[in-house]
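Convention: sequence-line order gives letters A, B, ...; per-chain numbering from 1.
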Protein chains: 2
Amino acid sequence: MQMDERKQKILKAIVQDYIATAEPVGSRTISKKFELGVSPATIRNEMADLEELGLIEQPHTSAGRVPSDLGYRYYVDCLMDPLVLSEKEKKIINQEITKRLDEVQEVIEYTGKLVSQVTNLTSLVLKPKNRESALNKIYFLPYDTGKAIMVTVKDNGTVENNIVDIGNDTSPEELQILANIFNDRLSGSKAQDLKKGLLNEIYSELSKKRRMLDGVLGILERMFEPKDGENTERVYLGGTLNMLNQPEFKDIDKVKSLFSLFEENRKLQELLNPDDYQGLNITIGSENPDLAFKDCSIISATYHINGKQIGSVGVLGPTRMDYSKAITIVDYMTKSLTEILTNKYRRQQT
Amino acid sequence: MQMDERKQKILKAIVQDYIATAEPVGSRTISKKFELGVSPATIRNEMADLEELGLIEQPHTSAGRVPSDLGYRYYVDCLMDPLVLSEKEKKIINQEITKRLDEVQEVIEYTGKLVSQVTNLTSLVLKPKNRESALNKIYFLPYDTGKAIMVTVKDNGTVENNIVDIGNDTSPEELQILANIFNDRLSGSKAQDLKKGLLNEIYSELSKKRRMLDGVLGILERMFEPKDGENTERVYLGGTLNMLNQPEFKDIDKVKSLFSLFEENRKLQELLNPDDYQGLNITIGSENPDLAFKDCSIISATYHINGKQIGSVGVLGPTRMDYSKAITIVDYMTKSLTEILTNKYRRQQT
DNA sequence: ATTAGCACTCACCTTGCAAGAGTGCTAACA
DNA sequence: TGTTAGCACTCTTGCAAGGTGAGTGCTAAT
């Protein structure tokens, strides 16, 4: 059996009506609401065909039809009207998004908030991991007796500080020497590399500072290790409450299993990590590996800095979601984010 | 009418049974489960009295009785058996809590997680605000053309860094002068105070650096302003999902209004801010100002560093919660936290 | 003062019934 | 041959009726 034009129109009508109303849609409804110029009976015949093709299904014998996951897939791939944002809408979004450019983290999270507000869905944002870059500079500053502030600059421009124990017998001059050695040798290297080669050299110059050096190297290593709140919590979630407004989640058990998943940051990360594909990604219902998401769809896209993928933005909603809107928003947001971040990065780094 | 001993026993039985089963409890149940040596009829008479006193109520004519908010209050104030943690339990908790002593923030949040796990309730933790302290030191470090890293040390020992625009015409020497002026003048002052008196002095020395100075002062000011993610998000929430397991929240609308409140960090802060009372605080049902919490009780207590109150830990659950357990845990946790933090603070700061 | 007994109330569950929505099939029609 | 009208059928939904059980309040006896 083939999909002729009329079947397509009918499928499209079913999907759109179901997205709008969340009620199974019957043949009479279609023939009335959508002008196809045929009677309900004809539509019924076609619907029987569509069901045979696996594109729609019946909750029970005497209910209307509901799109299956496959049906949504067909709709998204072939039938959907693309939605274009007007210049005005774009302007509003841009204003909102650039309102707070202070911190990269903030822009990114705010984007998530914005996405969930605009779509009335839940937004997922994979934040960049900021530990993969190499060291660039180290400075030591006085802090307290026996302690110093170690300021590190990475090659992506981020700056961090840590308190290090230096013992009571380390003079500022010795610290300066240490910093110099580091800075001479480390440009562009990672902590692990440092440790191997550098140790001997430093030990010979400052042989008695072993304990302090261990402290410094320990901190450097930890800076590059995955750590709670950074690599394990890379996903920002926004508008989770929106899910409670969806009629498909009036059942508390579904809410429970969904929200449980929301707390598993690692799984969310996998969801957003389309290593294979750089661009827009759509996962519908049971296409999703996780059973708790079998009634959900996820639209996600990656954002970049200078062409390098560093994270992604996504929305999660019931399979019965407004795909064209979600896709348009996610697409536009990631593009804006890419642009903003690339600009900022360029400015910051020259 | 007075509360005699038997009335107390009966009320206690009602509260305890209702806490355990979440079902209205009848006279027969009490006479069977609890050994009072009287018949259901007698208990019925007493129950009628208790109802008249406003301590219990009937959901409907032919149901058992349920404690009223007042009833819980009486139970908590007068009847409750105090629960004492065994040394073994204390040890387990202490092990858990000290497992991650790396960062103050982490210990505190982890405490919250622990509380919710142990109680099966939702935990609320008010984190310390870290912006109230005064400046102590400023350093400038080279960063990039036209930019510098400004490292600030506050008098509570925290270190922050920011990138400041210094323009292309500022020499390292000039920066040094600036830092010196700051350091001479600022010890112990807040940004606002700085601005007024200091400006003239600095302007006269570095008159052409106006733009750069404005940048630096702007950042300083912002450091002391309430800011997203710090003062507005001072409350950590743990185990919110536990609420979904409570039978009183099988209704999705209740969940919605509760979770909406969870997103309003400011309100949660008020909830945890018992300025008036330092110690354990119990709010039952409608004693709570917010209507969405009318079925909830909150137990909270403050924790301290060196005797100064800096935050609090609380649990939130249905009014029908295990008060003695919750109180014991909250109490013990805040005490442990106080101890741990005071130790750490002492060590770090000397 | 306590308790046994009894009538009463009310939520809850089951059952039955009617209405309504929607289908599939068949036969007629263009 | 494709389309349509008609009709019987199915299944959900809502509602009302009746039975059940838990629990009460009251009264009278102990």
Side-chain angles (χ1 to χ4, degrees), chain A residues 1-11 13-15 17-18 20-68 71 247-248 250-251, chain B residues 1-11 13-15 17-18 20-68 71 247-248 250-251:
Chain A
M1 198 185 317
Q2 286 292 333
M3 287 291 286
D4 54 26
E5 197 186 334
R6 195 169 62 189
K7 280 193 180 53
Q8 291 190 331
K9 273 188 184 163
I10 290 175
L11 177 59
I14 292 174
V15 173
D17 195 73
Y18 187 64
T21 65
E23 299 284 322
V25 14
S27 53
R28 237 172 70 91
T29 316
I30 293 181
S31 106
K32 259 199 284 183
K33 275 202 203 167
F34 302 81
E35 303 186 355
L36 298 178
V38 288
S39 79
T42 312
I43 293 175
R44 277 205 289 281
N45 288 330
E46 298 284 36
M47 279 162 91
D49 291 351
L50 287 172
E51 184 159 7
E52 204 178 319
L53 287 167
L55 296 172
I56 56 179
E57 43 201 27
Q58 269 181 304
H60 55 262
T61 331
S62 83
R65 301 306 212 288
V66 160
S68 67
E248 26 274 276
K250 63 183 193 304
D251 177 19
Chain B
M1 200 182 319
Q2 286 292 337
M3 287 290 287
D4 53 26
E5 198 187 332
R6 195 170 61 190
K7 280 193 179 56
Q8 291 190 332
K9 273 190 184 162
I10 291 175
L11 177 58
I14 293 174
V15 173
D17 195 72
Y18 187 64
T21 65
E23 299 283 323
V25 12
S27 52
R28 237 172 70 90
T29 317
I30 291 181
S31 105
K32 258 198 286 183
K33 275 202 206 169
F34 302 80
E35 303 186 354
L36 298 178
V38 288
S39 78
T42 312
I43 294 175
R44 277 205 289 282
N45 288 328
E46 298 283 37
M47 280 163 90
D49 290 351
L50 287 172
E51 184 160 8
E52 206 179 316
L53 287 168
L55 297 171
I56 55 178
E57 43 201 27
Q58 270 182 304
H60 56 262
T61 328
S62 84
R65 302 303 213 290
V66 162
S68 68
E248 26 273 278
K250 62 183 195 304
D251 176 19

Could you state the [atom1]-[atom2] distance from [X] to [N], rounded to the nearest angstrom?
X	N	atom1	atom2	answer
A/I56	C/dG24	CD1	P	9 Å
A/E51	C/dC25	CD	P	11 Å
B/E23	D/dG23	CD	P	9 Å
B/I43	C/dA4	CD1	C1'	14 Å

Validation row: [X], [Y] side chains within 4.5 angstrom (heavy atoms):
X	Y	answer
A/M3	A/L11	yes
B/V38	B/K9	no
A/D17	A/I30	no
A/R65	A/L50	no
B/I10	B/M47	yes

For A/T42, report the nucleic acid contact type (base, sugar-phosphate, nothing); a contact means any heavy atom under 4.0 Å.
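Base, at least one base heavy atom under 4.0 Å.
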Mind checking B/A63 for me? I need base, sugar-phosphate or nothing, with any heavy atom below 4.0 Å counting as a touch.
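Sugar-phosphate, backbone atoms only, no base.
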At less than 4.0 Å, is any side-chain N or O atom of [X] found next to OP1 or OP2 of [N]? Yes or no.
X	N	value
B/R28	C/dT3	no
B/S39	C/dT3	yes
A/R6	D/dT3	yes
B/R65	D/dG23	no

Compare the minimum distances between each of [options] and the side chain of [X], then state the nucleotide with the smallest one.
X	options	answer
B/T61	D/dG23, C/dC10, D/dT4	C/dC10
A/N45	C/dA4, D/dT4, C/dG22	D/dT4
A/A48	C/dG22, C/dG24, C/dA4	C/dG24
B/R44	C/dG22, D/dG25, C/dG24	D/dG25
B/V38	D/dA5, C/dG20, C/dT3	C/dT3

So which atom in B/G64 and which in B/Q58 form the shortest heavy-atom distance, rounded to 0.1 Å?
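Smallest interatomic distance, heavy atoms only, reads O-CG, 3.8 Å.
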Kindly write out the residues that satisfy salt bridge (Lys or Arg N to Asp or Glu O under 4.0 Å) with A/E248, not counting sequence neighbours, or none if the list is empty.
A/R320
How large an angle, rounded to 10°, do the end axes of the helix from C/dA1-D/dT30 to C/dA30-D/dT1 enclose when each is built from five base pairs?
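It works out to 20° between the end axes.
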